[in-house]
Amino acid sequence: MDTENLHQHPKLTELTTRLTEIADLRSAAQILEWDQSTYMPSGGAAARGRQLSTLARLAHEKLTDDAVARLLEELAPLERELPVDSTSASLIRVARRDHQRATRIPTAFTARLQDHLSNSFNTWAKARPANDFAAVRPLLERTLELSRELSSFFPEAAHPADPLIDYADQGMTAASVRALFKELLAELGPLAAAITAQPLADASCLEGHFPEADQLGFGREVITRLGYDWERGRQDKTHHPFMTRFALGDIRITTRVKEHDLGEALFSTVHEAGHAMYEQGTAPELDGGPLGEGASAGVHESQSRLWENVVGRSRGFWGHFYPSLQRAFPALAGVPLDSFYRAINRVERSLIRTDADEVTYNLHVIIRFDLELEMLEGKLAVKDLPAAWNARYQRDLGLTPPADKDGCMQDVHWFAGPIGGAFQGYTLGNILSGQFYAAAVAGDPGIPDAIARGEFAPLRRWLTDHVYRHGRKFSAPELIQRATGQPLTIAPYLGYLRAKYRELYSL
Ligand code: ZN
């Protein structure tokens, strides 16, 4: 049977039609969410919450429809006949996974959770600047209950966090992430301590006045060079930068600008462009269905981190871009490249995860991961969260947050989503950024020199062939094995950090 005939299989056509409708409902929700975060007047908030909830319910109903179950059953023989990496077999396999997961969760629960979370998010958005933990505490307690209820629909799970982790990072569990993080912390803890015991690097060249238009212009110049396709994308401003996909031909990014800080817009732009280039690189035949998105939260984050940190904070990259940065911002005219390079790679113990450097960033993530497991296990009550948070920051980073707004209220995740599954992907992404980059350089040793010449096509080509074009055809563990020849491993990431920071600090 050739591929042409397979696509004409009537049941497969019917399944594809249904999956495209579900993807269209999700895209509609994403368009509304993008608008909510960019241009919507505040008066639109209540109606927008209802509109998103309606779309989520319709998508859930369509996915759990008995007709989908029947089609998946009827297509099982065809799936077995086809090569496992064929698009059709992958479509049936991934649709089955999504359908089976969704049917475990009652539609009424999904709506209840959605309503609660939009209320919780709106409350948090006001309570955080006011440093008012008491205002969010009852809502967070309810979120914890609902998160445990969500987990209870998967009674076979060994740990209540497992279904939540598996949803974002298929193949990982609380136990496997915990073991991985322990191994990482054993290496990273001493590295971070050795660096932060030394004098703080001077980052004053990143402070000053950098006009917004010039910052946006330079960011656009950089990501155009990296390969972000503006024919299929655009960039707008927001409070918390993100990337969103409406279709293969419309993959948008957002950024925020701080005129006193040169790093903010630049690195967030490169980060989101990394996410976007991954999506723009998926094969056209995967668009408009469950395969047309990234493999997992961790793999997605690996692509943003790879471009932002491994490439965008490298010496080679700035050897190429620094002269044009100096032309755009005359204040840098007298600042040597080496000083700038040290400034953008300054390692510092800090309170805020999103401002953290690449050495200490994972310490912030591991604290959140441990605390959410303790909450789900019933060992940590929400009322004790601020104290537990502060104690962990003191222990792991040597700092105690002076206020909850810079402590346990700083991240949106627990206030806009379930507790569990939201944080491990960041550190998995960091680990994988090192692993994918090492595999890319092994496959094409000319990549680092090309980067130093401002040529990014060789790296993009490797990533497209080994990661991007596959979309969600393979689970993250399968994709990692195929792309790098081994399972997830921390060695390349640690090797990258050690080599880079040995040169910057005396280690
Ligand atoms: Zn990201």
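Source: prediction; values computed, not measured. When a ligand or atom number is given, it counts from 1 through the structure's own listing order. Quick note: residue numbers are just sequence positions, from 1. Computed over heavy atoms, backbone and side chain alike; hydrogens, waters and symmetry mates excluded.
With respect to the salt-bridge test (charged N to carboxylate O, under 4.0 angstrom), the residues D357 and R313 do not qualify. Salt-bridge formation is not detected for the pair D98/R93: no Lys NZ or Arg NE/NH1/NH2 atom is positioned less than 4.0 Å from an Asp or Glu carboxylate oxygen. Residues R26 and D24 are not paired through a salt bridge, judged by the lack of any N-O separation under 4.0 Å between the basic side chain and the carboxylate. Taking a cutoff of 4.0 Å between a charged side-chain nitrogen and a carboxylate oxygen, E187 and R498 qualify as a salt bridge.
Closest approach between the Zn ion (ligand 1) and any N/O/S atom of E301 involves OE1. Atom NE2 is the N, O or S atom of H271 at the shortest distance from the Zn ion (ligand 1).
Taking 2.8 Å as the threshold, H275 counts as a candidate ligand of the Zn ion (ligand 1), since one of its N, O or S atoms lies below it.
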